[in-house]
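These notes concern the structure reproduced below.
One is the number of the first residue; the rest follow in order along the sequence.
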Amino acid sequence: MHVSPGHPEIKPMLKLKTLSERKLLYSDKMSEILRQLVLAGVAASWLFLYNDKKGSFSSEWIYPLAFFLLAITLDLLQYVRATFIFDSEYHKILDTHPISELQDESKTYPVSDKVYKVSNRYFKAKIITSLLAFAVLIAMIAFKVATTKN
């Protein structure tokens, strides 16, 4: 029986290394795109924050701006925390293995599970926060458009 690759009876097979490489590729790309969108959201929120007609700031636009700033902060914290964790693991390996062993590039070393768990938590939090920020911004724009008299 011939079965197409999309058929439910065929399970795709990938090496763990390939899965890891793709995960890193896609999460890096997603972070890059999300960062650009969040900065655009900050700009949009900022534009609505200042009311030219009244010559003052409209405080309700602080909410999406705050969520966008939180998303950027989580993005930064993800990379700061990962840097410290990977640095710590790297130095643990350097301190506990002989130089001759460290020169073997094919050798692998056990690392703490927090290496990926902590980074994933920040990654998921920044995605949720960004989506929430856009939802609030879009809802506020829709409300403003619906209630503005021509």
Practice item. Establish, from distance only, whether the side-chain atoms of Lys126 and Thr73 form a donor-acceptor pair under 3.5 Å. Key: no

Exercise for review: List the steps and the verdict of side-chain hydrogen bond (donor to acceptor under 3.5 Å, both in side chains) for Ser112 and Lys92.
Suggested key: CA-CA 11 Å; Ser112 167; Lys92 265 192 244 175; 5.8 Å; no

Review point. Between the side chain of Gln78 and the main-chain N/O of Asn120, is any donor-acceptor distance below 3.5 Å?
Key: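 Here the side-chain-to-backbone pair does not exist.
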
Practice item. Report yes or no: does Ser88 contribute a side-chain atom to a donor-acceptor pair with the main-chain N or O of Phe84 at less than 3.5 Å? Key: no

**Study point:** Within 6.0 angstrom of Leu25 CG, more than 12 heavy atoms from elsewhere
**Key:**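 It does: Leu25 CG has more than 12 such atoms within range.
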
Review point. Should we say atom CZ of Phe143 is surrounded by more than 12 heavy atoms from elsewhere, each under 6.0 Å from it?
Key: no

**Study point:** Axial cation check for Tyr122 ring with Lys124, 6.0 Å and 45° limits
**Key:** no

Point to revise | side-chain hydrogen bond (donor to acceptor under 3.5 Å, both in side chains) assessment of Ser45 paired with Tyr63 | key: CA-CA 9 Å; Ser45 298; Tyr63 297 111; over 6 Å; no

Shortest non-hydrogen contact from [X] to [Y]?
{"X": "Phe68", "Y": "Ser130", "answer": "CE2-O, 4.4 Å"}
{"X": "Ala133", "Y": "Phe67", "answer": "CB-CB, 3.4 Å"}
{"X": "Ser31", "Y": "Phe123", "answer": "OG-CE1, 3.6 Å"}
{"X": "Trp61", "Y": "Ile141", "answer": "CH2-N, 3.8 Å"}
{"X": "Leu137", "Y": "Ala44", "answer": "CD2-CB, 4.0 Å"}

**Study point:** Glu101 and Tyr109, any side-chain heavy atoms less than 4.5 Å apart
**Key:** yes

